[in-house]
Amino acid sequence: MSETTTAAARAAAGSPPTHRVVRVVDLLSRRPAEHLSLARIVRETGLSRATAHAVLTQLTVDGWTVRDGDGNYGLGLGLLTLARRAESAYPLRRLALDPMRDFVAEQRIPIFLAERDSDAILITEIAGTPPVRWIRLGRRLPLAPPVAREFIAWAPEPERAAWLADADPAHRDRLTRVLDAVRERGYSVERLADDSGPVLEVLAALRHSPVTDPLRNRLGSMITDLITIDYLPDELGAENAVVTVAAPVFDGDRVAAAVVACPDSRLSANGLIELGAAVRSTAARITAASAAA
């Protein structure tokens, strides 16, 4: 399910007028350094010109947006103030920032924080410059097989079993072994060798949307064609294609988040093991800071 499709489903389930406001604010928040014209906001949100103008007029009155001399719109200080108040309820991002910056300084590899949000994970902090465009603040990813393995490897057995049951049958045996390997070594590895990550996420999400069984099976086959899931211990070679390495951040016994390093390169077996240890150490620092807060 694409972000657009997901947004439409949420709007249908809730309050469409409220969702229109959210769509405008979300668009502006994804381009914080820019001021966007009304025409561009209309085009990218799909709202009518009259509706977008009405929403922006009210947001500007309330200080959530500003309108410059050219008639273009950007985020306002009122929204920033609100966001900083709300941030106190979700301290993990703040606690993670220093360990993540230290990781980037030592490893010269970008890293991001992904927090669990119900049945999805949300990118809430980034340090460094990720090599692929789909990694951005606010990006929502499905908590669906075969992705998010670092969240499921430590999950209670019923949740783990449900996640595996949702996987393509062709993947279940391997996923079971991979989850055990992830828990044993303390991190997951994404081994895509090209820029198929966004395609994989969309396909994984579509399999959980209301589709027919033949289409669901076809989606599973497409996922199989795109990936080999993770590395098992006996599969590491002289060089290994590694896009990301992710380690869990715990809240008690529950995985609340993950830190995800993005080397997007080929690593030796020892290089991958050393990077995995560094990511795991960063995650452990964030877990300890959260527990002490």
Side-chain angles (χ1 to χ4, degrees), residues 96 99-114 121 123 125-137 139 141-142 144-153 167-168 170-171 173-204 221-249 257-286:
M100 290 171 63
R101 286 172 174 165
D102 289 346
F103 175 90
V104 173
E106 293 167 4
Q107 301 293 326
R108 305 296 180 187
I109 293 172
I111 192 169
F112 67 86
L113 177 72
I121 53 178
I123 297 178
E125 188 56 80
I126 298 173
T129 304
V132 290
R133 289 175 295 177
W134 63 266
I135 300 173
R136 55 175 169 76
L137 289 176
R139 183 66 188 268
L141 309 172
V147 298
R149 297 180 296 279
E150 64 277 7
F151 285 83
I152 300 301
D168 187 278
H171 290 162
D173 287 347
R174 181 175 181 86
L175 276 172
T176 299
R177 287 180 288 144
V178 162
L179 290 177
D180 290 340
V182 169
R183 183 159 181 157
E184 175 68 23
R185 71 188 175 216
Y187 57 88
S188 68
V189 180
E190 186 55 78
R191 64 185 287 178
L192 287 174
D194 54 30
D195 195 24
S196 300
V199 178
L200 172 60
E201 294 154 21
V202 171
L203 292 176
S221 298
M222 292 171 70
I223 292 173
T224 302
D225 291 341
L226 279 173
I227 63 171
T228 301
I229 302 165
D230 216 304
Y231 284 102
L232 293 171
D234 60 351
E235 293 175 345
L236 294 180
E239 285 193 338
N240 306 276
V242 178
V243 177
T244 63
V245 177
V249 174
V259 282
V260 187
C262 311
D264 194 27
S265 63
R266 302 186 71 85
L267 302 176
S268 68
N270 285 339
L272 175 54
I273 292 169
E274 289 172 2
L275 177 59
V279 177
R280 195 172 63 237
S281 176
T282 300
R285 281 185 61 191
I286 298 169

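Any value given below was found using the heavy atoms of this structure, including those in side chains, with hydrogens, waters and symmetry copies removed. All of these numbers come straight from a predicted model, not from anything done at the bench.
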Close side-chain approach of Tyr187 to Val260, heavy-atom, < 4.5 Å: no
Exercise: identify the closest heavy-atom pair between Val178 and Ile229: CG2-O, 3.7 Å
Heavy-atom side-chain contact between Val259 and Val279 under 4.5 Å: yes
Test side chain to side chain donor-acceptor pair (under 3.5 Å) applied to Gln107 - qualifying residues, sequence neighbours left out: none
Residue pair Leu175 / Ala167: nearest heavy atoms and the distance that separates them: CD1-CB, 3.5 Å
Closest heavy-atom pair and its distance - Val104, Pro110: CG2-CA, 4.2 Å
Residues Glu150 and Ser188: side-chain donor-acceptor under 3.5 angstrom: yes
Electrostatic pair Glu235-Arg174, nearest N-O below 4.0 angstrom: yes
Heavy-atom pair of closest approach, residues Ala278 and Phe103: CB-CE1, 3.9 Å
Check: Asn240 side chain, Gly237 main-chain N or O, donor-acceptor pair, under 3.5 Å: yes
Arg191 side-chain N/O to Ala241 backbone N/O, donor-acceptor pair under 3.5 Å: no
Distance-minimising heavy-atom pair for Ile111 and Met100: O-CE, 3.6 Å
Sidechain-backbone polar pair: Arg185 side chain, Pro233 backbone, donor-acceptor under 3.5 Å: no
Nearest heavy atoms of Val189 and Arg149, plus distance in Å: O-NH2, 2.8 Å
